[in-house]
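Reckoned from all heavy atoms, side chains included, excluding hydrogens, waters and symmetry mates.
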Amino acid sequence: MSNKIGLKEAMSIGIGGMVGGGIFAVLGLAVSLAQGGTPIAFVIAGSLALITSYSYVKLSLVYPDSGGTVKFLNQALGKNICSGGLNNLLWVSYIIMLGLYASAFGSYAPNLLSITGDTSIDSHLYSSMIVVFATAINYYSITVVSKIESYAVIIKLIILLVFVGIGAYGLIGNPNLNQLTPEHWESPLNLLTGGMVIFVAYEGFELIANSASNIVDPEKNIPRAYYWSVLFVIALYMVIATVTIGSISFSEISGAQDYVLAEAAKPMLGELGFTVMTIAALISTFSAINASLYGGSRVSYEIAEDDELPHELTSRLWNQPIGLLITAILTLVLVNTLNLESISTSGSVGFLLIFAMVNYSAFKLFKKINANKTITFLGFILCIIATIVLIAQQYSDNRLGVIVSISVIFSCFLMEFIYKKRKDVY
């Protein structure tokens, strides 16, 4: 029983995975796209996550495995180029998320301490240093990684809830409250696009799947863990967005887009609030980097073990999967070549496509997993529509992000195709 986890621990995994660096990284971006309708954009994205969590519940109950998403796709699609390409995309999406979290860390850190005096250079330096530091911790001890996550989840939730409580009180009489009225909302299409660009802020609920085999009383606790954690985070994000937009003007949000939560704490708590929220962002993004490095290296190991990537990826370096070092190196390349919006778009496209196929997997296996065909198919269709809308809408405003997204997807399947062909030859 020592490896068993209860409902609270399972929910902590889901909430911790979602409320990682996501909200700190993408809130400013969300406001730039949805304006006063940002809380609605978060609800749209969260609703898609909630529908998809139904498929994860049904699949986790029947196929509880540490492989999580990798296992589900292989069960439904078989071990072929399609499942292999999707699993490769999952690994790359972990790397993209790491890039997003590291970029957010690099955006907040110079506000506390400047290294060179140039914010852009400082941002890249901090982003790179935190990836190297987190990689060193992962090599040093997985126990340390676990302890950091346990404390970080508590600290960041306490700070965010205090921010919400004080911020809600500070909204009384604030003239910026007018920004939340419908005339300041973007069009429904832009609200949908805004929600999909920031969908990465919800992707972490899928981490519950990797722990499903260890959850006590799974029939009762697995559904609760998924649904309650997603609903809690939807409510939290909605309130955070409301407090932020009601506290400071759109121009102030635009000027501090990469560290907007810290800026939003100023009207209530002054420079102390700015500093505390910046520290919370650094703790949160660091813990997210820490956990995602661990998760990414395990995903690459699982894929290689299933013979969908070269078996050399199951080898170890300094007692950790070689995928850890590869994940870290690719993350360093990413954070020093792409901007935040392009990274966020690529991450959202990747996870929307993966979640579409998880919903399809549940639809295909509906008899075995006792799932509702309508809900699973609805999840599949909505994820596909959201992916198409996101790519189409972002093509005019963020062409680089779209090109990167499509290139990543194509490369993942091409890599799998080449590997399978070479394997068949030899």
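One distance of note links NZ of K266 with CD of E252; it measures 8.5 Å at 0.5 Å rounding. In this structure, CG in L48 is found 6.0 Å from CG in L352, a value given to the nearest 0.5 Å. Here the OG atom belonging to S249 is positioned 5.5 Å from the CG atom belonging to N176, to the nearest 0.5 angstrom. With rounding to the nearest 0.5 angstrom, the CD1 atom of I159 is 5.5 Å from the CD1 atom of I283. One finds the CD atom of E416 at 8.5 Å from the CD1 atom of I303 (value rounded to the nearest 0.5 Å). Summarising the geometry, atom CG belonging to L86 is positioned 5.5 Å from atom CG belonging to L73; distances are rounded to the nearest 0.5 Å.
Residues I248 and E263 are in side-chain contact: their nearest non-hydrogen atoms beyond the backbone lie under 4.5 Å apart. Contact annotation: the side chain of F250 approaches that of H184 to within less than 4.5 Å [non-hydrogen atoms, C-beta and beyond]. Put simply, the side chain of Y169 reaches to within 4.5 Å of the side chain of I172, judged on heavy atoms. Using a 4.5 Å cut-off on side-chain heavy atoms (C-beta onward), M196 and I44 make contact. Taking 4.5 Å as the limit, every side-chain heavy atom of V260 sits out of range of all side-chain heavy atoms of L29. Looking at V358 and Y56, their side chains come closer than 4.5 Å, going by heavy atoms from C-beta outward. Looking at V349 and F199, their side chains never come closer than 4.5 Å, going by heavy atoms from C-beta outward. Proximity of F274 to N111: side-chain heavy atoms (C-beta onward) are separated by under 4.5 Å at one or more points.
With C412 as reference, L89 is the one residue of L353, L89, L90 to meet the side chain to side chain contact (heavy atoms under 4.5 Å, CB included) rule.
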If you apply the rule side-chain hydrogen bond (donor to acceptor under 3.5 Å, both in side chains), what do you find for S55 with N359, and how did you get there? CA-CA 6 Å; S55 294; N359 281 313; 2.6 Å; yes
Start with the C-alpha distance between I15 and F232, add both sets of side-chain angles, then the distance that settles side chain to side chain contact (heavy atoms under 4.5 Å, CB included), and finish with yes or no. CA-CA 8 Å; I15 292 171; F232 173 82; 3.7 Å; yes
Does L27 form a side chain to side chain contact (heavy atoms under 4.5 Å, CB included) with F42? I'd like the steps, not just the answer. CA-CA 10 Å; L27 180 58; F42 273 112; 3.7 Å; yes
Is there a side chain to side chain contact (heavy atoms under 4.5 Å, CB included) between T52 and Y202 once you walk through the steps? CA-CA 11 Å; T52 302; Y202 286 103; over 6 Å; no
Show the numbers, then the answer: is there a side chain to side chain contact (heavy atoms under 4.5 Å, CB included) between Y237 and M18? CA-CA 10 Å; Y237 285 171; M18 287 181 278; 4.3 Å; yes
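Closest heavy-atom contact between S123 and S103: OG-O, 4.5 Å. L180 approaches P39 most closely through the heavy-atom pair CD2-CG, 4.2 Å. G401 and S346 make their closest contact through O-OG, 3.7 Å (heavy atoms, listed as atom of the first residue, atom of the second, distance). The shortest non-hydrogen separation linking L61 to P218 is CD2-O, 3.4 Å. Between S93 and I354, the shortest heavy-atom contact is OG-CD1, 3.9 Å. Contact detail for V19 and L160: the closest heavy-atom pair is CG1-CD1, 3.5 Å.
A donor-acceptor distance shorter than 3.5 angstrom exists from the side chain of N336 to the backbone of L332, with no hydrogens or angles considered. Looking at S211, its side chain never comes within 3.5 Å of a backbone N or O of N214 through a donor-acceptor pair. S127 places a side-chain N or O within 3.5 Å of a backbone atom of A102 that can act as its donor or acceptor partner. The closest donor-acceptor contact from the side chain of Y395 to the backbone of I403 lies at 3.5 Å or more, if one exists at all. For the pair S114 (side chain) and P110 (backbone), a donor-acceptor distance under 3.5 Å is absent. Although no hydrogens or angles enter the test, the distance criterion places no donor-acceptor pair under 3.5 Å between the side chain of S254 and the main chain of S251. When atom types are taken as modelled, the side chain of Q75 and the backbone of K71 share no donor-acceptor pair closer than 3.5 angstrom.
When only modelled atom types and interatomic distance are considered, W185 and T38 share no side-chain donor-acceptor pair under 3.5 Å. For the residue pair S12/E9, the side-chain donor-acceptor check at 3.5 Å is not satisfied. Side-chain atoms of D65 and N210 include no donor-acceptor pair closer than 3.5 Å.
Close placement of the F355 and F205 rings is indicated, their centers lying within 6.0 Å of each other. Between Y54 and Y226, the gap from one ring centroid to the other reaches at least 6.0 Å. For F377 and F363, the distance between ring centers is under 6.0 angstrom. If you look at F133 and F286, their ring centroids are closer than 6.0 Å.
Y360 and F380 have tilted rings, their planes meeting at an angle from 30° to 60° on a 0 to 90° scale.
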